[in-house]
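These notes are about the structure you will find just below.
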Amino acid sequence: MSFGPFLLLALMEGLVSAAVLALMASGLSLVFGVMRVVNVAHGAFFMTGAVLAWFVAGHVPGPPVVGWLVALIIVPPLVGLLAAAVDVLVLKRLEYEPEAVIVATIGLLYILEQVALLSFGPDARPVAAPFSLRLQLPWFGYSGYKLFVVAAAGAVLLAVWLVMTRTRFGLVMRATQVDRVTARAFGINVDRVYAGTFGLGAALAAVAAVLVVPTTQVHYLMGGDPLLLSFITVIIGGLGSLRGTLVAALIIGLSDGVISMFWAPTLSKIIATLLVALVLVFRPQGLFGAKA
Amino acid sequence: MLRLEGVSASYGAVTVLRDVVLEARGGEVTCIMGRNGVGKTTLMRAIMGLVARQGRFVLDGDDLSALPAHEVARHGIALVPQGRRLFGPLTVAENLEIGLMTRHRGRAVHEQVLDLFPRLRERLGQVSQTLSGGEQQMLAIARALCLEPKVLLLDEPTEGLQPSMIAAIREVLLGLKSTGVATVLVEQRVDAVLQVADRVAFMGHGTVAEVVPGAGLRADAPRFAAYVGV
Ligand SMILES: Nc1ncnc2c1ncn2[C@@H]1O[C@H](COP(=O)(O)OP(=O)(O)OP(=O)(O)O)[C@@H](O)[C@H]1O
Ligand SMILES: [Mg+2]
């Protein structure tokens with residue numbers, strides 16, 4: 001294959017990672033933005049979503065697409081409810097003290113991983129792709145499912161954006177983000193907003209997981225890399241800025257695709273980490289974040 | 001009518017208010033005066049349920065003492081906080097929308113409120129933190145009026161404003177009297193108090209020390225001097 005098509009392939013692979021990363025990171029960013037806490041268990045929610053998707057897909061009879069669709073519909077709300085429960089039972093009692101929340105979510109991360117290890121086991125397992133359409137380009141064939149992942153992630157992100165900017169729940173979330181005390185003085189039940197935000201953030205990780213599992217393997221440790229990349233994305237984009245998160249996910253996803261294909265995946269991680277260091281030194285609020 | 005009995009409030013282990021008794025009657029302006037740090041803002045926050053509080057808070061016969069903050073507002077107590085505390089990155093319209101949502105008020109209330117503040121009508125799409133100081137204060141009051149409140153708490157609404165803006169706010173407050181709202185106004189400026197107050201509550205040593213009728217206070221400069229040090 002000559003250089004041009006090779007680059008195209010790399011960019012397409014990068015676009016797929018960017019789309020999934022954008023979903024994942026927007027959940028982390030949303031939680032940080034509204035609640036001012038860092039959710040270290042975000043990758044573990046992703047993993048939990050993937051394990052549940054594997055379970056659901058394996059237990060629904062009929063062609064793979066049916067099981068996968070059922071998973072897409074029920075897994076994100078389930079993971080969201082789990083996260084909301086954690087918020088009410090744990091984070092609220094810690095009064096959202098930033099350091100305490102970090103420690104608590106590290107604990108949660110280990111609990112979720114161990115539960116997955118005990119129930120799902122140590123092996124990596126596949127989930128059948130819901131459909132096996134191949135898009136035949138002049139130079140190479142490409143997975144139609146992966147392109148569908150890009151479109152689906154785009155649609156979900158658009159929905160999140162519409163919820164944030166056009167709905168009452170979004171307005172309430174933004175007001176709470178600005179000033180939770182004054183929000184309460186205007187009848188906003190901040191406890192409920194926090195539970196909803198934490199649940200929504202985890203549900204986004206779960207959506208990313210259900211979309212991704214047919215292209216990879218489910219494993220109880222699969223949350224680590226996405227967590228790291230989400231942190232990198234959110235730091236580069238600016239904590240709490242949805243737009244920044246999207247742009248940063250595109251930069252990281254596309255460069256990851258290109259660098260991994262032409263050089264090595266490790267190099268792309270090294271470069272991303274260096275980029276974070278540069279951003280932290282020269283623009284600590286991120287590319288799009290408001291100055292603190 | 002809002003009635004407070006035996007109210008105390010504290011931040012952690014520090015008790016700021018003790019044994020406060022106060023009444024705010026519908027159609028009247030009750031002014032709260034007292035030195036910096038005496039606890040005026042804390043009293044407003046205690047009424048809203050935003051600080052740890054004890055004692056009885058009764059609104060038109062309903063006991064609000066045990067309610068969480070967000071439900072206090074839903075019962076019809078609206079706050080114009082000291083320093084305005086708008087939702088800065090949100091637009092004027094969105095700030096008003098938050099107020100309207102509190103008590104499920106709609107278009108009609110929105111229009112009424114904007115009729116009181118025509119300058120806000122022209123700026124509905126503007127991000128509120130880019131408004132001038134006076135416009136921000138108008139928005140803070142407008143946002144509170146969107147609740148159609150039974151009780152309106154204003155914490156130093158004239159702080160840092162020029163005289164014409166203060167006069168505009170005074171007109172709005174005087175206009176509200178006829179609607180039966182019980183207004184509680186924290187105010188440091190004696191002249192402003194004299195123009196609107198039906199009753200004045202003087203605070204000292206973390207409590208309401210004395211309540212006097214507004215009429216007749218004009219001649220009573222020593223009273224002001226004792227509590228506000230003018
Ligand atoms: N969040 C807080 N934590 C601890 N102490 C506080 C807090 N807020 C206020 N205080 C203390 O409570 C006391 C009363 O403060 P408050 O703001 O109610 O006074 P104020 O009468 O409104 O003053 P000002 O006229 O300056 O607005 C002060 O001694 C203040 O230091
Ligand atoms: Mg004050």
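Everything numeric here is computed off the predicted structure, so don't read it as measured data. Residue numbers start from 1 in every chain, and the chains themselves are labelled A, B, ... in the order their sequence lines are given, proteins ahead of strands.
Within 6.0 Å of CD in A:E95 there are 12 or fewer heavy atoms belonging to other residues, nucleotides or ligands. Residue-environment remark: CZ (A:R243) stays at or below the threshold of 12 foreign heavy atoms within 6.0 Å. Taking a 6.0 Å sphere around CZ of A:R192, one finds it holds 12 or fewer heavy atoms contributed by other residues, nucleotides or ligands. Applying the 6.0 Å contact sphere to NZ of A:K92 captures no more than 12 heavy atoms from other residues, nucleotides or ligands. Applying the 6.0 Å contact sphere to OH of A:Y110 captures no more than 12 heavy atoms from other residues, nucleotides or ligands.
Note that the CZ atom of B:F87 and the OG1 atom of A:T176 stand 7.5 Å from one another [nearest 0.5 Å].
Residues of residues 123-159 of chain B that come closer than 4.5 Å to chain A, counting heavy atoms only, are B:R143, B:A144, B:L147, ordered by residue number. Residue-level contacts of residues 44-77 of chain B with chain A, in order of numbering, are B:R45, B:M48, B:G49, B:L50, B:A69, B:H70, B:A73, B:R74; threshold 4.5 Å between heavy atoms. Using non-hydrogen atoms only and a strict 4.5 Å limit, no part of residues 15-30 of chain B faces chain A. Contacts with chain A (heavy atom to heavy atom, under 4.5 Å) involve these residues of residues 94-108 of chain B, listed by number: B:E94, B:E97, B:I98, B:G99, B:M101, B:T102.
Listed here is the closest heavy atom pair of B:G88 and A:V178: N-CG1, 3.9 Å.
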Show the numbers, then the answer: is there a side chain to side chain contact (heavy atoms under 4.5 Å, CB included) between B:L86 and A:D179?
CA-CA 8 Å; B:L86 296 173; A:D179 183 344; over 6 Å; no
